Amino acid sequence: MHRLIRCGLVFLIVLAVPQLVGQTPVGNPTESPFKNQDYQRPQKCLPCHQRQFDELRSSVKSGYRNVSPLFNGLELSANLLNGGLLRPVYADSTKSLTLADGTIIPFNTNMFTTPAFRDINQVRAGFCLSCHNGPFMRDGDNPSKREVAELPGTVANFVPELIRPLRDYHLVDSTGNQILPSEIGGDPPPGAGPSLGASGITCDMCHNIGGADLNRSFQADGFANISILFNHTVEKVGPFTQPVAVRGSFHVSSNDPSKIAFLRSGAFCNACHDVRVPIPVPGDLQHAEHDINPGGQNVTYFRLENLSSEWQLGAYNSTNNPFGKVIRCQDCHMSMFPFGGSTSYQVGDLKITSPTPSVFADNYAAVPSVSTDDNFPLQKRKVVNHYFTGVDVPLLYPDELHARLGADYPDPNQPGADEYGVPKSLADRRQNLLNAAARISLDKTDKAAQLGQTFTVRAECVGLAGHRFPAGFSQERTTYIQLSVTDNDGFLLYQSGYLVDKPHPETGEMQPDGNLDDEDLEHVHATVDPGNHNRHPNKPYPARSTANAGHTNQVFEAGPDDGPDSRLYFGFNEGLVLFRNELTRIFLPGQSLGRSDAAGNPMMASKPHYEETFSAAFANKVDNFRSLQPLVPRTFKYDITMPTKEELEAMGIDSIKAPLHVHAQINYDHFPPLFIRFLTRTTGPNGPTGHDLHLLTEKRIDDLVKNLTNLTSADITVNIQE
C-alpha cells in the first residue's frame with residue numbers, strides 16, 4: 001500500500017542567485033543531511049515540470065516496462081526455472097542461507113538493499129525488479145508499503161501455481177490500497193488504477209542519487225547490481241549548480257558538485273545498463289568472474305548485458321571520434337538526437353553523414369511563475385529531454401496501456417511533434433534512432449562475374465552508436481544483413497537474411513498467416529521446452545537440476561541460411577550475417593541436452609558442447625563478438641558461385657541478363673518471435689503454473705511484433721563476363 005504526499009515537486013531548477021548554502025553532505029559522504037521523503041509519483045512533479053513529465057510519460061522507462069508482458073514473462077520464466085529465487089525478500093524474512101563452512105546468513109536483504117554480497121542467492125533476490133523498480137524493495141521492508149509480496153517457503157517447496165506476474169501487484173483502488181486481479185495474471189479489477197510501482201523509472205529514481213556505490217558492484221567499479229547510492233530525502237539532484245529555491249520548500253535542489261557531476265556523466269547509467277547474472281560455477285566456466293569485494297568470492301556470474309562497458313571502452317568515451325569530444329549517454333538519449341542536424345565525416349574508407357549528438361534545446365528547467373516563490377525569475381538554458389528514446393516497442397494494446405497505466409497514458413504512435421520538431425510518437429523516435437545506428441557499403445565488391453565461377457560480394461558495415469550495435473539485451477535484439485543478387489530481369493541468384501511464412505502450431509497458428517513480421521530468420525530452426533508442463537497439477541514443483549529443468553531446445557538444427565556458425569567456425573563466406581549476440585548454454589560432459597536423438601535416446605554431452613539458448617535464465621555464457629563495435633568498420637564476404645550454362649538450361653533459362661544487381665540492407669527485429677513463443681508457452685495454460693498468466697499470445701505476436709527493415713542500404717551493379 002502506498003499513500004501519496006499531497007505536495008508539488010520540483011526537480012531541475014535553473015541557475016540564479018544562490019538561495020541555499022551548506023548543502024555539502026556531512027559525516028559519511030554517501031549520506032544526505034536533509035529530512036527523509038517518501039518516494040514520489042511522477043505526477044507530483046507535474047505542476048512545476050510539465051515538459052519533463054510529458055516527455056517521460058511517453059518513454060518506455062516510465063510505466064510500460066513494469067507492466068510489459070515481455071518483461072513480466074522473462075522474469076516469470078526465470079523464477080519458474082529456479083524456484084522463485086528472483087522474487088525479493090525483505091527485512092522481516094525468516095529465510096536463511098547456510099554456507100559450505102556452516103555459517104548461516106539471514107536471507108533478509110534483497111538485490112537493492114544488500115550492502116555487500118556474500119552468497120549468490122542474495123544477488124538473485126529481486127534481481128530484475130531492482131533496476132526496474134528498486135526503491136520499492138527498499139520500501140518493502142515496511143510491510144505497510146510493500147507492493148510485491150515475498151514468496152513463501154524455499155526453492156524445494158516452491159509452488160508455481162501461486163506465483164503472479166509482477167504487474168499484478170501494481171494496482172490500487174480509489175483509496176490507494178493495493179488491489180489484486182481476482183485471477184492470477186488476469187485483467188485489472190473494476191475501478192483499479194496504477195499504483196506507485198506502475199510508474200517504473202520515475203523522477204525520484206534518478207534525482208535522489210548520491211553517487212556510485214562501489215561496494216555493491218562486483219568489481220568495485222559502479223557497474224551493474226543497481227550500484228547507486230540513493231538519498232530518499234527532500235534533496236533532489238539536478239544538472240545545475242546554484243539552483244533557485246523551490247516554492248513551498250517541498251524539496252531542496254542539491255548544490256553538491258559531486259552529485260551533480262555524477263548525474264551529468266555517463267557513469268550514471270552504469271549501475272543498470274550492465275547486467276551481470278549470478279550463477280553457480282558449472283565446472284570451471286565462471287571462476288574468473290566473481291565478486292572481488294571482501295567475502296564475495298563465492299558469488300560468480302556471467303555478463304548478460306554490457307552496454308555501459310561497451311560505451312566505457314569505446315571511442316565515444318574519448319576525444320578520438322568524429323565529434324572531438326566525449327559523447328555521453330545523455331548526449332544521444334536525452335538530447336535533440338537524432339533530430340538536431342547532421343555531421344559528415346570519414347570512418348576508414350567510408351564517407352558517413354549521420355545525426356549530430358549533444359545538441360540540446362533552449363528552455364526553462366521549470367515552469368516560470370509556478371516553481372519559485374514570489375515568481376522569482378528563471379532563465380532559459382540548455383536542457384535535456386526525458387524521452388529516453390531506445391529500441392523497445394510496447395507489446396500492449398492501447399486499452400491495456402490505459403487500464404494498467406491510467407487513462408491519460410499516451411498512445412505510443414501518437415501523431416504530431418513537440419515544440420522542437422521531435423516526434424511525439426515513440427515508434428517514430430525509435431525508427432529514427434535505429435536509422436542513425438549503422439551504415440553499409442558494397443563498394444569493395446568484385447566488379448565482374450562469370451558463369452560457372454565464383455565472385456565475391458563485400459559488405460562493409462560500421463556501427464555509429466556510442467556502444468556496440470545492437471546493444472542492451474543485444475542477445476535477442478536481432479540485427480542482420482538482408483542481401484540479394486539478381487540479374488537485370490529480376491532472376492534471383494542468391495539471397496541471405498530472408499524470412500519464410502510458416503505455421504506455428506505450438507502457439508495455435510496452424511497455417512501460414514501471410515505475415516513475415518512474426519517469422520524468424522532461417523539460420524537455425526529451434527523449439528524451446530517451456531518447462532515442466534507434464535507435472536501433476538496437485539503436486540508441488542519438483543526440485544530440479546540443470547539436466548532436467550526445461551528451457552532446453554526441443555528442436556535445434558541448422559537452417560538453410562546458416563551463416564553464424566559456418567562463417568565463424570568453418571570460414572565459409574556464405575549465409576547470414578547476424579549482428580545479434582547469442583545467449584549460450586555450455587553443457588559439460590555427462591549433462592543432458594534435454595532432447596532425444598532420432599532413435600529416441602536421450603542426448604548427452606560426451607564433451608563440452610554449446611548451443612544457443614532462448615532463456616536468459618538457462619544461459620551460462622554469452623558471446624559478445626557478433627555485434628558491431630563503434631566506429632570500427634567490418635567487411636563481410638559472400639562467395640557466390642554463378643550457375644553454369646548447362647545448369648541454366650536445365651532450369652529452362654536461356655541466359656543471365658547483365659548486369660547483376662546486388663542489394664544489401666540492415667534490418668532490425670526487436671525480439672525474435674521464437675523467443676517470444678517460448679515465453680508464450682512458458683506463461684500459458686500448458687506451462688509450469690498449469691494456468692494461463694495472460695501475458696503473451698500468438699495474436700499479440702502477430703499484431704504487435706514488427707520488423708524495422710532497411711535501416712540503411714547499399715546497391716551496386718556487377719558486370720557479367722563471357
Side-chain angles (χ1 to χ4, degrees), residues 2-14 18-49 52-53 56 91 109-110 112-115 130-131 133-142 144-147 196-197 199-216 222 226-265 268 271-272 365-366 371-373:
H2 287 272
R3 300 292 185 179
L4 306 179
I5 294 177
R6 293 184 174 87
C7 297
L9 183 58
V10 182
F11 285 134
L12 311 177
I13 303 305
V14 298
Q19 301 290 308
L20 297 165
V21 295
Q23 294 188 28
T24 302
V26 295
N28 185 328
T30 67
E31 296 175 350
S32 171
F34 300 99
K35 67 178 182 180
N36 290 337
Q37 184 183 66
D38 284 346
Y39 197 68
Q40 300 293 307
R41 281 180 181 264
Q43 284 80 359
K44 293 297 181 179
C45 313
L46 177 58
C48 298
H49 297 286
Q52 293 93 329
F53 175 84
L56 183 67
T109 57
N110 54 55
F112 189 80
T113 59
T114 301
S130 63
C131 278
N133 226 340
F136 295 95
M137 291 193 288
R138 172 187 177 274
D139 287 348
D141 282 345
N142 179 347
S144 69
K145 294 182 178 181
R146 189 172 299 165
E147 283 201 11
L196 182 54
S199 300
I201 307 299
T202 64
C203 315
D204 274 5
M205 186 79 174
C206 293
H207 294 287
N208 275 14
I209 56 97
D213 187 347
L214 302 183
N215 293 327
R216 293 180 62 250
I226 192 67
S227 49
I228 292 182
L229 300 165
F230 286 87
N231 290 324
H232 295 277
T233 71
V234 295
E235 181 190 27
K236 308 300 174 185
V237 182
F240 309 130
T241 58
Q242 303 298 331
V244 178
V246 176
R247 173 173 289 185
S249 300
F250 177 67
H251 75 75
V252 173
S253 297
S254 179
N255 199 32
D256 184 322
S258 64
K259 294 178 181 179
I260 294 170
F262 181 67
L263 181 74
R264 292 170 58 90
S265 72
F268 174 62
C272 283
S371 56
T372 61
D373 285 327

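Please read these numbers as outputs of a predicted model, since none were measured by experiment.
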Output yes when a side-chain donor or acceptor of [X] lies under 3.5 Å from a complementary backbone atom of [Y], and no otherwise.
| X | Y | value |
| --- | --- | --- |
| R216 | T114 | yes |
| Q40 | D38 | yes |
| E235 | F34 | no |

Give, for atom [atom1] of [X] and atom [atom2] of [Y], the distance between the pair rounded to the nearest 0.5 Å.
| X | Y | atom1 | atom2 | value |
| --- | --- | --- | --- | --- |
| L229 | I209 | CG | CD1 | 9.0 Å |
| L56 | C203 | CG | SG | 5.5 Å |
| T202 | N208 | OG1 | CG | 8.5 Å |
| S130 | F136 | OG | CZ | 13.5 Å |
| N231 | K259 | CG | NZ | 4.0 Å |
| L46 | R41 | CG | CZ | 12.5 Å |

Are the side chains of [X] and [Y] in touch, meaning some heavy atoms are under 4.5 Å apart?
| X | Y | result |
| --- | --- | --- |
| E147 | D139 | no |
| N36 | T233 | yes |
| C206 | F268 | yes |
| S227 | L214 | no |
| S371 | V246 | no |

Minimal non-hydrogen separation, [X] against [Y], with atom names:
| X | Y | answer |
| --- | --- | --- |
| I260 | G238 | CG1-O, 3.4 Å |
| S253 | V244 | OG-O, 4.4 Å |
| I228 | A271 | CG1-CB, 3.4 Å |
| M205 | G134 | CE-N, 4.0 Å |
| Q52 | A365 | NE2-O, 2.8 Å |

Handout entry: CA sep, side-chain torsions, deciding dist, call: D204, K236, salt bridge (Lys or Arg N to Asp or Glu O under 4.0 Å)
Key = CA-CA 8 Å; D204 274 5; K236 308 300 174 185; 3.3 Å; yes
Problem - Plane angle bin for Y39 and H232 - parallel if under 30°, tilted between 30 and 60°, otherwise perpendicular - result: tilted
Problem - Donor-acceptor pair between D256 and S254 side chains, under 3.5 angstrom - result: no
